[in-house]
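Side chains included, hydrogens not; waters and symmetry mates left out as well; all remaining heavy atoms used. Here is the naming used below: chain letters follow the sequence lines, and residue numbers restart at 1 for every chain.
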Amino acid sequence: MNMSRYNARVTEPKWQAEWEKGAVFNAQVDHNREKYYVLEMFPYPSGRIHMGHVRNYTMGDVVARYKSAVGFNVLHPMGWDAFGMPAENAAMEKKVHPGDWTYQNIADMRAQLKPMGLSIDWSRELATCDPEYYGQQQAMFIDMLDKGLVYRKNAVVNWDPVDMTVLANEQVEAGRGWRSGALVERKELTQWFFKISDYSEELLGAIDNLKDWPEKVRLMQKNWIGKSTGMQFRFKTTGAPAGFEELDVYTTRPDTLFGASFAAISADHPLAKALEADYENIAAFNAECRQMDTTEEALETAEKKGYDTGITVTHPFNPSWELPVYIANFILMGYGTGAIFGCPAHDQRDLDFARKYDLVVTPVVCPDDQDPDTFTIGADAYLGTGKLINSRFLDGLTIEEGKTEVINRITVAGMGEATTQYRLRDWGVSRQRYWGCPIPVVHCEKCGVVPEKKENLPIELPKDVTFEKPGNPLDRHDAWRNCECPSCGGAALRETDTMDTFVDSSWYYARFTAPRADTPTVAEDAAYWMNVDQYIGGIEHAILHLLYSRFFARAMNITGHLPDNAVEPFNALFTQGMVCHETYKDVDGKWLNPDEIKPVDDGYVDGAGRPVTVGPSIKMSKSKKNVVDPEDIIDQYGADTARWFVMSDSPPERDVEWTASGAEAAWKHLQRVWRLTDEITQMDDTAGSADEALALQKATHRAIDDVTNGVEGFAFNKSVAALYQFTNAMAKSKADKVTKTASMLTMAQLMQPMTPHLAEEIWATLGGAGLVAQASWPAVDPDMLVDDTVTMPIQINGKRRAEIVVSATASKEEIEKLALASDAVVKALDGATPKKMIVVPGRIINVVI
RNA sequence: GCGGGCGUGGCGGAAUGGUAGACGCUGCAGACUUAAAAUCUGUUUCUCGUAAGGGAGUGGGGGUUCGAGUCCCCCCGCCCGCACCA
């Protein structure tokens, strides 16, 4: 027989050209069809795609192709998150303009992505560094300014005095700038902020409606917003400097007020700062607190430390009760009022602190199963429920009743009130950098801070900049900075801050609905395409990107750029796992790339034949060298193999381990499917039997059902398993040519979302009409899923002992009779009658003896 | 410390409370071949047994149930996130 071999290198580009020729994936508004918007988090154009991209985009592609096949009008776009620091770093290191570097990277990555055969509407491609894109972002900034969603205030930044630049937290290493090594200073700058905190309650409440988001992400967002309800009240102080006659504290446990034994303030509290001037020891202690490493590990081991200021405060319900005021290292200025009262019995940190400084520990909540007269606190604070004790007028109340009572009395006395706190703070968007979207405002001596006129947008970044000198090139570009005041026409200066790149990614999903429009969005397109029906990306964006996007969609609604129903832009979210690989080290402990090693009998050796140590499988990363380049895999096996592999085995939300043998197996499988197709074309028309035909048809419908369920349930690994099973059935089948051809055409349809090129080739070879990419999804015939007979296991006392074959339509009684007559049951019963019989038709028979 | 998740063969992983280990990898045996590769067939949880067949088994311990990987309680281990958040 003349066997043709499937050559992905030839076939894949052929079908990609066909799709492009037919503009198969270009999306157009069609009000007669229901839309479906699939979006994967767009990539940063680093210049190389990696396996994580392959997995992410293949998942999105499977969904897009499947939804299209079942009749939706699908939008599946791609773009580039193209602003950001790496381009400036490259500019400094390689003397290349950030724009040139970025656009070259985009070209390189697009060239690597296209061979994957993704069903992307490339006509909608955008990059956030295109003036066409960021100009619209500037227009929205101006609209947001107009609606009071943007404001300026002073904020502290990490300042590198050598590089003359602001550093992100991750660029500060052990208190020094990562590039210059200079000691980082805390510097106050006037910066731009979005009023996201006004939406704390709204963003929190709406999380409950995000039913198709992972529970984990919803929880992380809730915690980030960090709502707490409590009470804020004022202590009267004794011995404090002028201006500090009162101390404002916040508590979530007003009920424990009678268990208070001290008050504590943050080292950054104004009172602590005021004391610094007069007391050297306090200045030293505060300095120590501020230096404290805030990493988790350090905090865990950090000892609770305090400094007794000598100041006291008066208990609000007992004028003769004085509490000492400490400066404590575990109080943060950024939350609440930066001051607390400590109730050691019911807060672990306060307890640790009290034990260290020998402060009173009075329990005020007694668990219901304990005697109030003997209940004491040992090493652990009591955080549970119970009745209040040792609390005068609160005694006997529950915690909730106590809170209400204390808040009432404090409020009546005019000492404080119930308050709600959120952890979420306003979003600072100013960046003192070049490669970002310029903030479109002008500073005029006469008019102040004035928004640029919209007709002057986009405010483009000047091209002629250098990075040889430290600092922001925009600051020293006089020709760009000097401008006309949009208000009075006089001489003015441009704002040189650019926007945080999270702003760029907070609305690109909306821009994709009308990427070339000369307004940020177009009402008709946004109304039709929004929301994103399925968003797919990494868990690392669980908080910031998704929260900012949710806020921005609301801001766009307020400024008229998105309809009311698009304030929650992502209907469903899926967070995929990472691609991992084993790690390898040579005898010197140097990391080795997988292609630098070769297998031997008991492990691997390196190029010089020296043994290689195999380490655990962890996320592919350049630093560990455990990377497999998608381009190499596509060159060697083709895109379908890479796509098939990343969809197989592991559930999408979990990490997948890339193995050479797994990739090889994926390739072999696709070759096998092709071989089976080829065999069908060469079959004799008269071969095969009717029985075999029916069995294959049943296997086909079983496969349709299983693959569909897998894709619908985001369990692509199960779809892959079902296709393996179907292939095995196909290989073994002795059905006639017509039946086999029909089944193989169905196979092509079912494989199409995952291996689109091979699917097209099979489809074309066997005479399918048009492109399989445009064929509708095969319908399952429920009758074909039912067998005439069914094998049922028989359990005796819950242990499987035998099985019988019964008619699928047999009644409970009939099955029971057959079971009782079976050898195993007769033998086990030995003439006795069973105590109980459980018969679940089609499932199980359990005989209890 | 707090919060979340996970624990099933040599490995990745399947399993509406109903035959644990689908499917894939690996290993082993065989067919084809002068040989190899490729392909095909069989086999592969452990254990006792020549076999027929039996026993054990889803991190550990208890419980609910006719029946538990799945539900409940306690414990152990691993992974992820975080903000000592009052």
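Among the protein residues, A/S648 comes within range of no part of the nucleic acid, since none of its heavy atoms lies under 4.0 Å from any strand. Among the heavy atoms of the strands lying under 4.0 Å from A/I838 is at least one base atom, whether or not backbone atoms are also near. Using a 4.0 Å heavy-atom cutoff across all strands shown, A/I331 reaches at least one base atom of the nucleic acid.
Residue A/K216 places no side-chain N or O under 4.0 Å from the OP1 or OP2 atom of B/G5. Contact check, A/R349 against B/C85: a side-chain N or O comes under 4.0 Å of OP1 or OP2. Phosphate proximity of B/G18 to A/R800: absent, as no side-chain N or O sits under 4.0 Å from OP1 or OP2.
Between the P atoms of B/U26 and B/G17, the separation comes to 34 Å (whole Å). Comparing B/C32 with B/U39, their C1' atoms sit 9 Å apart, to the nearest whole Å. Remark: the separation of the C1' atoms in B/G9 and B/A20 is 11 Å, to the nearest Å. To the nearest whole angstrom, the two P atoms, one in B/U50 and one in B/A35, are 36 Å apart. Only the P atoms considered, B/G62 is 24 Å distant from B/G10, to the nearest whole Å. Look at the C1' atom in both B/G55 and B/G42: the space between them is 26 Å, to the nearest Å. Annotation: B/U44 and B/G21 have their C1' atoms spaced 12 Å apart (nearest Å). Taking atom P on both B/U47 and B/C40, the two are 30 Å apart, rounded to the nearest angstrom.
One can place CG of A/D655 at 14 Å from C1' of B/C78, the figure rounded to the nearest angstrom. Put simply, CG on A/N797 is 12 Å from P on B/A68, counting in whole angstrom units. Computed from coordinates, the A/I265 CD1 to B/C85 C1' distance equals 17 Å when rounded to whole Å. Atom CZ of A/F716 is separated from atom C1' of B/G13 by 17 Å (rounded to the nearest Å). Taking atom CD of A/E657 as the reference point, atom P of B/G12 lies 8 Å away to the nearest angstrom. With rounding to whole Å, A/L383 atom CG is found 9 Å from B/C2 atom P. A/I207 has its CD1 atom 15 Å from the C1' atom of B/G4, to the nearest Å.
For residues 643-667 of chain A, the salt bridge (Lys or Arg N to Asp or Glu O under 4.0 Å) pairs, not counting sequence neighbours, are A/D61-A/R643. Among residue pairs with one or both ends in residues 700-716 of chain A, those qualifying as salt bridge (Lys or Arg N to Asp or Glu O under 4.0 Å) are A/R702-A/D705, A/R702-A/D706; sequence neighbours excluded.
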Identify all pairs in which a protein N or O lies below 3.5 Å from an N or O of nucleotides 62-64 of chain B, and state each distance.
none

Which protein N or O atoms sit under 3.5 Å from an N or O of nucleotides 21-25 of chain B?
from  : atom 1 : to     : atom 2 : distance (Å)
B/A22 : O2'    : A/Q725 : NE2    : 2.9
B/G24 : OP1    : A/N728 : ND2    : 3.3
B/C25 : O2'    : A/S661 : OG     : 3.1

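The ring-ring contact (aromatic ring centres under 6.0 Å, His included) search around A/H315 returns A/F258, A/W321, not counting sequence neighbours. Remark: A/Y326 engages A/F353, A/Y357 in a ring-ring contact (aromatic ring centres under 6.0 Å, His included) (not counting sequence neighbours). Every residue meeting the ring-ring contact (aromatic ring centres under 6.0 Å, His included) condition with A/W427, not counting sequence neighbours, appears here in chain and number order: A/F194, A/Y548. By the ring-ring contact (aromatic ring centres under 6.0 Å, His included) test, A/F714 is found to be paired with A/F574, A/F716, residues two or more places apart in sequence or in another chain being considered.
By the rule that a glycosidic angle within 90° of 0 means syn, B/G5 does not qualify and counts as anti.
Side-chain proximity of A/I844 to B/G13, B/G18, B/G3: nearest is B/G18. Side-chain atoms of A/R423 lie closest to B/C85 of the nucleotides B/G18, B/U19, B/C85. Comparing B/G12, B/C66, B/U41 by their nearest atom to the side chain of A/K732 picks out B/U41. Considering only the side chain of A/R843, B/U16 comes nearest among B/C84, B/U19, B/U16. Among the nucleotides B/C66, B/G13, B/U19, the one closest to the side chain of A/P651 is B/G13.
Pair assignment for B/G3 gives B/C80, based on Watson-Crick or G-U wobble hydrogen-bonding distances that are each under 3.5 Å. When Watson-Crick and G-U wobble pairs are counted only if both distances are under 3.5 Å, B/C66 pairs with B/G18. For B/G12, the paired nucleotide is B/C23, the pair qualifying as Watson-Crick or G-U wobble because both relevant distances are below 3.5 Å. Nucleotide B/C32: unpaired (no Watson-Crick or G-U wobble partner with both distances less than 3.5 Å).
Under 3.5 Å, the side chain of A/R801 and the base of B/U19 form no donor-acceptor pair of N or O atoms.
Comparing A/R654 and A/K827, the nucleotide of RNA chain B nearest to each residue sits closer to the 5' end for A/R654. Nearest-nucleotide assignment on RNA chain B puts the 5′-proximal partner with A/T791, out of A/T791 and A/K227.
Looking at every heavy atom in both residues, A/S266 comes nearest to A/A272 through O-CB, 3.4 Å.
The existence of a salt bridge linking A/R253 and A/D347 is excluded, since no basic side-chain nitrogen approaches an acidic carboxylate oxygen closer than 4.0 Å. A salt bridge is absent between A/E679 and A/K740; no separation between the charged side-chain nitrogens and carboxylate oxygens falls under 4.0 Å.
Remark: the backbone N or O of A/R218 is not paired with any side-chain donor or acceptor of A/Q221 at under 3.5 angstrom.
Residues A/T575 and A/V217 have side chains in contact (heavy-atom distance under 4.5 Å, counting atoms from C-beta outward).
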Do any side-chain atoms of residues 833-846 of chain A form donor-acceptor pairs under 3.5 angstrom with protein atoms, and if so which ones, sequence neighbours left out?
from   : atom 1 : to     : atom 2 : distance (Å)
A/N846 : OD1    : A/G798 : N      : 3.1

